[in-house]
*Asks:* 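Below you'll find the structure I mean.
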There are 2 protein chains.
Amino acid sequence: MTTASQTNAAQAPAASGGPGAPKTARGARTRARILKAAEHTFGTLGYHRAGISDITRAAGVAQGTFYTYFAGKEEILRELVRDMGHQVRAHLAAEILDTDNRLEAEERGLRAFLQYLYENPSLYRVLQEAQFVDEAIYRDYYEAFGKGYVRMLANATRKGEIRPGNNEVRVWALMGMSNFLGLRYALWEQDVSFDEIVETLSDLFRNGLTLDGKEKP
Amino acid sequence: MTTASQTNAAQAPAASGGPGAPKTARGARTRARILKAAEHTFGTLGYHRAGISDITRAAGVAQGTFYTYFAGKEEILRELVRDMGHQVRAHLAAEILDTDNRLEAEERGLRAFLQYLYENPSLYRVLQEAQFVDEAIYRDYYEAFGKGYVRMLANATRKGEIRPGNNEVRVWALMGMSNFLGLRYALWEQDVSFDEIVETLSDLFRNGLTLDGKEKP
DNA sequence: CTTCAATATGACTCCCGATTCACCTTTCCG
DNA sequence: CGGAAAGGTGAATCGGGAGTCATATTGAAG
C-alpha cells in the first residue's frame with residue numbers, strides 16, 4: 001500500500017449484472033487493465049472528453065473488448081468510483097489504526113488524505129465528475145465515508161476525547177475541509193507543506209478559531 | 001435581494017471580446033434572457049446534457065440567436081460563473097456588513113450561504129461543473145473569494161478577535177466546510193436546521209473539537 | 001416614409017464518439 | 001485431437017448536438 005501503484009480491481013466481478021463477469025484468468029486480467037486505464041484516462045482528460053477509444057487504447061485492447069466487460073461508459077465510471085472508494089477508505093483506516101486519541105487520528109488522517117490525493121490525483125476528478133453523471137454513486141461514497149467517520153467521533157465522545165455535539169454535521173464539515181485543502185494544496189499547488197496544514201487544523205481542533213475561548217454556559 | 005428571483009445579469013457586456021456586445025436595449029435584454037436561461041438549464045440538466053437548443057428554448061429565442069451574443073457553449077459557462085460569482089460575493093458581503101466581530105460574521109456568513117444555496121441551487125452545479133470545463137475560471141472564483149476572506153481574517157487577527165495562525169489555510173478549510181455543508185444540508189436534504197448547523201460550527205470556532213482545550217505552550 | 005445596422009430565425013451541415021456486430025483467436029476440457 | 005465457450009477485433013453504424021448561414025424582421029435615425 002506504500003507505493004499504491006497496483007490498483008487491484010479484479011476481485012469484485014462487478015456489483016450489478018454487467019455484460020458478464022470474466023470467467024477465466026485472462027478475462028479478469030483484461031478487465032482489470034481496462035478499469036485501470038479508465039482511471040487514468042478519466043483522471044487526465046475528464047469523463048466527457050475521454051472516449052472509449054482512449055480507454056481501450058491505453059489498455060491495449062480493441063474497442064469492442066470494452067463491451068465484453070462493461071455495459072457502457074457510465075457503468076465503468078460507477079465501477080471505478082466504488083473501487084476507488086474502497087481503496088481510500090481502506091488506506092485511511094489503516095493509517096489511523098494505532099492512534100491514541102481522536103486529535104491524533106484527525107491529524108494523521110488529514111495528512112494521509114493529502115498524501116494519497118497527491119499520489120492519486122485521479123481520485124478527485126473521477127469522484128467529482130461522477131457527481132454529475134450519477135449522483136447516487138457520489139452520495140453513496142460520501143455517506144459510506146461519513147458513516148464510519150461519525151461512528152469514530154461517537155466513540156471519541158464516549159471516551160471524553162471530544163466535546164459533545166452534532167457529529168454528523170461535524171463530519172460533513174470535516175470532509176469538506178479535507179476535500180478543499182486537498183484540492184488546493186495537494187492538487188493545485190504544493191506551496192504549503194502538509195505539516196503546516198495539519199498543524200493549522202490541529203490548532204483549530206484544540207483551541208478553536210476565536211481568542212476568548214470561553215465554554216458555553 | 002430578499003426573494004433573489006431577479007438575476008440581474010445584463011450590465012457587464014461580456015468580459016472578453018465575444019461575438020459582439022449588444023448595442024441596443026433589445027439586444028441587452030435578449031442576452032440577459034439567454035444567460036438566465038443558461039443558468040437554469042445548466043443547473044437542472046447539467047452542462048453536458050444541456051443542449052444549446054435547451055437554452056434557447058428556455059429563453060424563447062431561436063438557436064442562431066445564441067451565437068449573436070456568445071461564442072459557444074464554453075463561453076456562456078465562463079460568463080455565467082463570473083456573473084454568479086459576483087452575485088454570491090456581493091450577497092454575502094452585504095449580509096456580513098454590520099457584524100461586531102469575526103465569530104458573528106462567520107455565523108451569519110455561513111447561514112447566509114446555506115440560505116443562498118437553497119434558493120439558488122444552480123450556483124453549486126454550474127460552479128462545480130465549470131471546474132472540469134475550464135479550470136481557470138473555477139480557480140479564479142475561489143481565489144477571488146478566498147482573497148477577500150483572508151483579508152477579513154487578517155483584520156480580525158489584528159483586532160485580537162481570532163488566534164494568530166495561517167489564515168490562508170484556514171480560509172480554504174472554511175470554504176470547504178461551507179461547500180460540503182451546503183451540498184448536504186441545503187441541496188440534498190434539509191433534515192437539519194440551518195440554526196443547528198451554524199451552532200455546531202460556532203461551537204467549533206469558539207471551543208475547538210477536543211475537550212482538553214489547552215493553549216499551546 | 002426610407003434605409004440600414006442590429007437582431008432574430010431555424011433548417012441544415014458536419015463531426016464526433018458511443019455502441020454494434022460479424023468474424024477471428026485463444027483457452028479449456030472431455 | 002476436436003470443438004465449444006470465452007475472449008478479442010476493428011470497421012461500420014447511427015444519433016445527437018454544436019455551430020453555420022442565407023434570409024427575414026425590427027426599430028431608430030434622418
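Each chain gets a letter, A, B and so on, in the order its sequence line appears, and its residues count up from 1.
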*Asks:* Just call it for Ala50(B): base, sugar-phosphate, or nothing, with non-hydrogen atoms closer than 4.0 Å on any strand.
*Replies:* sugar-phosphate

*Asks:* Looking only at side-chain N and O atoms, does Thr68(B) come under 4.0 Å of OP1 or OP2 in dA6(C)?
*Replies:* no

*Asks:* Pick out the pairs of N or O atoms, protein on one side and nucleotides 19-22 of chain C on the other, that lie under 3.5 Å.
*Replies:*
unit_1, atom_1, unit_2, atom_2, d
dT19(C), OP2, Tyr67(A), OH, 3.1
dT19(C), OP2, Lys73(A), N, 3.2

*Asks:* On DNA chain D, compare the nucleotides closest to Arg26(A) and Arg49(B); which residue's is nearer the 5' end?
*Replies:* Arg26(A)

*Asks:* Taking Arg184(A) first and then Asp191(A), would you say they form a salt bridge - that is, a charged N and a carboxylate O separated by under 4.0 Å?
*Replies:* yes

*Asks:* In whole angstrom, give the distance that lies between atom CD1 of Ile34(B) and atom P of dG19(D).
*Replies:* 14 Å

*Asks:* Whole angstroms only, please: what is the CZ-C1' distance between Arg33(A) and dG7(D)?
*Replies:* 12 Å

*Asks:* Quickly work out the Arg57(A) CZ to dA18(C) C1' distance and round it to whole Å.
*Replies:* 14 Å

*Asks:* Would one find more than 12 heavy atoms of other residues, nucleotides or ligands at under 6.0 Å from atom NE2 of His40(B)?
*Replies:* no

*Asks:* When we call it a touch if two heavy atoms are under 4.0 Å apart, what does Ala25(B) touch: a base, just sugar-phosphate, or nothing?
*Replies:* nothing

*Asks:* Between Tyr142(B) and Phe180(A), does a ring-ring contact (aromatic ring centres under 6.0 Å, His included) hold up when you go through it step by step?
*Replies:* CA-CA 10 Å; Tyr142(B) 278 110; Phe180(A) 258 52; 5.0 Å; yes

*Asks:* Taking atom C1' of dA6(C) as reference, at what distance in whole Å does atom OH of Tyr69(B) sit?
*Replies:* 8 Å

*Asks:* Assess whether side-chain hydrogen bond (donor to acceptor under 3.5 Å, both in side chains) is satisfied between Tyr185(B) and Glu168(A), documenting all intermediate values.
*Replies:* CA-CA 11 Å; Tyr185(B) 296 108; Glu168(A) 190 189 287; 2.7 Å; yes

*Asks:* Find the distance Lys23(A):NZ to dC29(C):C1' and express it as a whole number of Å.
*Replies:* 16 Å

*Asks:* Ignoring hydrogens and geometry beyond distance, is a side-chain donor-acceptor pair present between Ser202(A) and Glu107(A) at under 3.5 Å?
*Replies:* yes

*Asks:* Expressed in angstrom and rounded to an integer, what is the separation of Ile76(B) atom CD1 from dG17(D) atom C1'?
*Replies:* 16 Å

*Asks:* Less than 4.0 Å between a side-chain N and a carboxylate O, is that true for Glu75(A) and Arg78(A)?
*Replies:* no

*Asks:* Side-chain N or O of Thr24(A) less than 4.0 angstrom from OP1 or OP2 on dT26(C)?
*Replies:* no

*Asks:* Between atom CD1 in Ile55(B) and atom P in dA18(D), what is the gap in whole Å?
*Replies:* 8 Å

*Asks:* I'd like to check the salt bridge (Lys or Arg N to Asp or Glu O under 4.0 Å) partners of Arg139(B); sequence neighbours left out, ordered by chain and number.
*Replies:* Glu189(A), Glu135(B), Glu143(B)

*Asks:* Round to the nearest Å and state the distance from His48(B) atom NE2 to dA18(C) atom C1'.
*Replies:* 16 Å

